[in-house]
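Order of the sequence lines sets the chain letters (A, B, ...), proteins ahead of strands, with each chain counted from 1.
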There are 2 protein chains.
Amino acid sequence: MDERKRKQTYSISDLAREFDVTTRTIRFYEEGGLLQPLRDGQTRIYTDEDRVKLKLILRGKRLGFSLAESRELIEMYDPSEGNIKQLNALLNKIHQRRDVLMQQLADIEVMRHELDEAEERCRQAMQECLSVN
Amino acid sequence: MDERKRKQTYSISDLAREFDVTTRTIRFYEEGGLLQPLRDGQTRIYTDEDRVKLKLILRGKRLGFSLAESRELIEMYDPSEGNIKQLNALLNKIHQRRDVLMQQLADIEVMRHELDEAEERCRQAMQECLSVN
DNA sequence: CTATACGTTTACGTTAACGTAAAGATATCG
DNA sequence: CGATATCTTTACGTTAACGTAAACGTATAG
């Protein structure tokens, strides 16, 4: 096994700075069971794995997922201890998720097109406005 | 002018049914100034224009926009009474919005890829599970 | 006539996702 | 030693986006 994997760790404010969230937010995610950092006495110690999880949570957030949903997403990445029923449930969730994503893609395409049109109307209105004066 | 444009109208529950929201939701949007239906006595009457606006609001919602943001989007579609400064502000908002959309597109692409991988891992885990029994 | 369906206003309740403040431990710098 | 920075827990506050319930008109079908 390649032991050059740097076992880097982070403080709570390291992560807060990197991802531009407050420490309160990170602790809140821990309350919800989304993160389980190590401890050095009282102080929280975050591993690279925790960092990845936080990244996942924030990406989910940008896509409009709730924390509960993000937790599900995170759990998808480690289906090691599951029985077949749980795995089937997971597959269903994955498919549902994909449907939502496809809907969002379609929405975004439509909206982008309409934003282009809105911009064009804006420009034209400005032209008219200028040529009047 | 072509007068075959049907001036169709809708009741509040017509729209509620069509878009699968409650009437409370539609009235709430009106409270926020997002819709301004006509009235027949007490009863609200919705035009095709109102219907389009509602559609915009709900699409915005699917994309994670707040109602305040959706209101801005709606206002983009009628920049008739604006002066040049307002139009410039509008253009800026449009560009901001587009940036967010591009970020969402990138997020979705990444996530779709990861969902594919998660599904694959799921399937393999199920295979192993089955071949053991 | 009355029951049923649909509309209205008013108003308090709820949930998620944090914000904010208080009060204290620990460590390091000068 | 005191100031400053960074961490902690505890706990109440806040905002958005509705839900839910009460109490009341209106009209139409049986």
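In this entry the distance linking OH of Y10(B) with P of dG7(C) reads 15 Å, nearest Å. Rounded to an integer number of Å, the gap from L15(B) CG to dC6(C) C1' is 15 Å. Between the CG atom of D20(A) and the P atom of dC18(C) there is a distance of 13 Å, rounded to whole Å. Distance Q42(B) CD to dT10(C) C1': 12 Å, rounded to the nearest Å. Distance, R17(B) CZ to dC6(C) P: 7 Å, rounded to whole Å. With rounding to whole Å, L35(A) atom CG is found 12 Å from dC18(C) atom P. Here dG7(C) presents its P atom at 10 Å from CD1 of I45(B), a figure rounded to the nearest Å. When rounded to the nearest whole Å, the span between CG of D40(A) and C1' of dA27(C) equals 12 Å.
For E109(B) (side chain) and A106(B) (main-chain N/O), no donor-acceptor pair under 3.5 Å exists by modelled atom type. T22(B) places a side-chain N or O within donor-acceptor distance of the main-chain N or O of T25(B), the cut-off being under 3.5 Å. Formation of a donor-acceptor pair under 3.5 Å by the D14(A) side chain with backbone atoms of S11(A) is found in this model.
Ranking dG7(C), dA17(D), dC7(D) by closeness to the I12(A) side chain, first place goes to dC7(D). Listed candidates were dC18(D), dC7(D), dT8(D). Nearest to the side chain of L67(B) is dC18(D). Distance from the side chain of S66(A) is smallest to dA17(C) among dA17(C), dT8(C), dT8(D).
Among all heavy-atom pairs drawn from L54(A) and I26(A), the shortest one is CD2-CD1, 4.2 Å. Taking each heavy atom of F65(B) and L101(B) in turn, the nearest pair found is CZ-CD2, 4.2 Å. Shown here for Q104(B) and L63(A), the closest heavy-atom pair between the two residues is O-CD2, 3.9 Å.
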Would you be so kind as to tabulate the donor-acceptor pairs closer than 3.5 Å made by side chains of residues 35-42 of chain B, with sequence neighbours excluded?
{"residue": "Q36(B)", "atom": "NE2", "partner": "G33(B)", "partner atom": "O", "Å": "3.0"}
{"residue": "R39(B)", "atom": "NH1", "partner": "Q42(B)", "partner atom": "O", "Å": "2.7"}

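Side-chain N/O atoms of K61(A) include one lying less than 4.0 angstrom from OP1 or OP2 on dC18(C). Phosphate proximity of dC6(C) to T43(B): absent, as no side-chain N or O sits under 4.0 Å from OP1 or OP2.
Looking at residues 21-32 of chain A, you'll see R24(A), R27(A) sit with a heavy atom under 4.0 Å from some atom of DNA chain D.
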